[in-house]
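So the structure is just underneath, and the comments pick up after that.
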Amino acid sequence: MSTETVTFNLNDRDITVPKGTTVMEAAHKHNVYIPHFCWHPGLSIAGVCRFCLVKVDNRPKLEIACNLQATPGMKVSTLLPEVKEAHKWALEFHLVNHPLDCPICDQAGECKLQDFYMEVGKYKSEMDRPKVLKPKALDVGSELVLDTERCILCDRCVRFEQEVTKTGALGIFNRGDRAVVGTYPDKKIEHNYQDNLVDICPVGAFTSRDFRFKQRVWFLKDQPAVCPGCSTGCHVKVYGKPQVRTYFRVKPQESEVNGHWMCDVGRKTYKHLNQDQRLRFAVAADGKGGRQRVSVAEAIASLALQLQGVAASDIALLVSPQYTCEEYDALFAFFVKKLGVSKVFQWREPTENLDAFDGLLYRGDHNPNTFGLSEALAKAGLPKDVKNGFEDLARSGAKVVVALAPEIEFQFPSLAGQLQKLSELAFVSVWTTSGSAYNVKGLRHLVPLKGFAEKKGTFRNFQGKVGELAKPFPAAVDEAKDVVEVVTALAEVWAHA
Amino acid sequence: MATGIIKVAPPPEDKNLFQMAYGYASTIFSGMWKTLTIFLKQITGREKTNTLEWPEQPATYSDRFKGKHFLTRRDDGQVRCTACFLCATACPAECIHIVAGQHPTNEIEKFPVRFEIDILRCVFCGFCEEACPVDAIRLGPEYAMAGAAGDKWVYTKDYLADRGQLHGGVVSVKEENTKHFTVDHEASGDNLLATDAPHMRHH
């Protein structure tokens, strides 16, 4: 890339950008908003929506900012009345055949058409012909519903299919006001990045099948997080409704790690956070061979009692690489440094293929913090090899086992069998977010944990890049604690015993 | 003179309150005479009483009264509501709970699987009625809503659309948006333009 720069004037402000930058890119970088539909920072330039019109000094007509390269001394304005007037008429054209079924459209609330309508809409249509009706609610992919009537033909989705996933399943067919977006005959959108089409669609043409009709978006609150689905560690936003403690969806957040996209597997990582999937209370043995519901403090006290009853060499840790670096540090500080435990095993899916990679984002290592666990193990003076230690645990003959269960269970098909095997050991305490451990009757000591969107901490992705969980939601389960809190409480009980 | 005080009548110079000139005693007696004559007229049947013996005698308010909510229906009898959540959004008491779903027939895309009003929280402001884009919810003339502690205070969708007092339901004045569900867009040709979609245009 050349290092030559260009200085031009945007809204009476001098801006210096690399040569070849378009006015739209420069404005985007300098937080000047130019209304647009078809331009997307992650896709090529199409220039089909004609909405990003700006006024350039000494040029007779308005020009589109997305395909206008900045040249030295150029004077660009986005604020003139004639620019606003042009937006008004461009919007009127986009609305000529738009059905305005906002009441039943999931995009309502985050729809560009709605936003611009509130800004520059004419409120009184000058169109006297009936709207052209087009096919609605089409099944175009396992995650998608397509409504061609709502489409404004910006062709972002077509470019996404061609440029990002390179599957090319979508096209625009017919001409004029009969033009519709759709899949080629006998083709469906079949890849792991379908929901990105929902994100980039500026209107409600593509809507998510998973989120369909679940909730209106204006009720949702979003918090930044890191996707726990694989070791890529995409930066995401988790959307939930804290009043009812329910999570509804996960969307990507622009970052260096993942660009603008994320995969459909990662978007399912909100489901296990909802109450119906969660372990809602702590469980401990009742002394009669059964188990009972107890408070977390009581569960920790009974665990401390067990730990005191055996030598350090009889204690083992089974740790999933799905917890934060801070949690590992706290865990190893207590168990390894203080108690002198040396049997620490990694709890990994036996069938995983660590080197698998789909070429875009999704990796075969389905744990968000393999790197962080290795680092924490090395820091604690233990072997840092990435290997599944479940069989080693069975051979180790440990009498008391503390197991930090994997959080994302749909990527861990062996989990049910392994929990069953664990329940046959003398004493095992499973710390988990999920209710599945409760269904294994033999497990008599369970501690409820917070999910990834409910705690602070860091994940380190496959390259060691830090992804921060900075703003947690309130936990969907009252009694849930994160590992740091549980270990701190355990250390306190230990100190007073 | 202190500001902010307006004198409405001069104080009586003579403190004798029974003086006819000031009207204290005279109005009391004339009022009692009125009461007595009306009582005698009505007890002898010479004049109609204005008091209703509710609840034995029914009393009705006009249709514009903002009383108990009801849901309107489509021409074919289905609930008109499209589950757009605008009433729930506008509701200041947060008493409307909707669960939306995909209708089994493709003619209607979105419909309320559940539509519940927690009537104890409702403040009868009528915002839901105003917010509704399809005239699906209205506040009706029913006003008798008292009940015992054990009664059901959450009105369900069936109750709101179908209770006996509605006499089979009320049809919405907003008709269905014209829709086109055939995937075969080549065959439709010019018929598309002939189809009239009379409302839901932006206006």
Side-chain angles (χ1 to χ4, degrees), chain A residues 91-92 94-106 108-109 113-114 117 121-140 145-149 173-174 176-183 185 204 207 209 211-219 243-244, chain B residues 80-91 94 96-115 131-137 172 174 176-203:
Chain A
L91 186 66
E92 175 71 2
H94 281 306
L95 287 170
V96 160
N97 286 318
H98 189 78
L100 289 180
D101 50 0
C102 310
I104 58 162
C105 176
D106 277 333
L113 272 179
Q114 282 185 333
Y117 193 65
K122 283 175 54 60
Y123 291 85
K124 201 165 169 26
S125 174
E126 315 233 343
M127 185 70 186
D128 64 345
R129 295 303 308 271
K131 298 199 177 210
V132 177
L133 303 177
K134 290 174 187 172
K136 289 172 86 75
L138 302 178
D139 174 17
V140 287
V145 179
L146 172 62
D147 187 315
T148 54
E149 223 173 32
F173 306 96
N174 298 344
D177 61 5
R178 239 64 70 69
V180 289
V181 69
T183 47
T207 47
R209 199 179 286 273
F211 185 63
R212 187 166 166 84
F213 302 157
K214 287 253 180 76
Q215 194 58 252
R216 300 318 299 250
V217 295
W218 55 82
F219 291 122
Q243 305 96 302
V244 291
Chain B
R80 182 68 187 91
C81 174
T82 58
C84 72
F85 286 71
L86 287 191
C87 52
T89 307
C91 182
E94 297 183 10
I96 303 177
H97 304 289
I98 305 170
V99 177
Q102 166 89 49
H103 201 271
T105 67
N106 216 13
E107 299 297 312
I108 305 167
E109 258 190 272
K110 195 181 180 186
F111 86 115
V113 180
R114 281 167 59 187
F115 189 107
C132 184
V134 292
D135 182 38
I137 187 167
S172 167
K174 288 266 177 85
E176 183 59 38
N177 196 4
T178 311
K179 278 193 187 140
H180 176 66
F181 277 106
T182 38
V183 185
D184 186 9
H185 37 84
E186 271 176 26
S188 43
D190 273 337
N191 293 335
L192 285 175
L193 285 171
T195 316
D196 192 27
H199 72 284
M200 288 286 284
R201 302 181 201 298
H202 47 297
H203 46 73

Any side-chain heavy-atom pair of A/Cys105 and B/Lys110 under 4.5 Å:
no

Which atoms of A/Asp147 are under 4.5 Å from chain B, going by heavy atoms: the side chain, the backbone, both sets, or neither?
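A/Asp147 touches chain B through side-chain heavy atoms alone.
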
With sequence neighbours excluded, tell me which residues meet ring pair (Phe, Tyr, Trp, His ring centres under 6.0 Å) with B/Phe111.
B/His103

Please identify each residue that fulfils salt bridge (charged side-chain N to carboxylate O under 4.0 Å, His left out) with A/Asp106, with sequence neighbours left out.
none

Look up atom CD1 in B/Ile98 and atom CZ in A/Phe213, then write down how far apart they are to the nearest 0.5 Å.
13.5 Å

Please round to the nearest 0.5 Å and tell me the distance separating atom CZ of A/Arg212 and atom CD of B/Glu109.
5.0 Å

Closest heavy-atom pair and its distance - A/Pro103, B/Cys84:
O-CB, 3.0 Å

Among B/Val99, B/Thr89, B/Leu86, which residue has the highest count of heavy-atom pairs closer than 4.5 Å to chain A?
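Result: the option with the highest number of such pairs is B/Thr89.
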
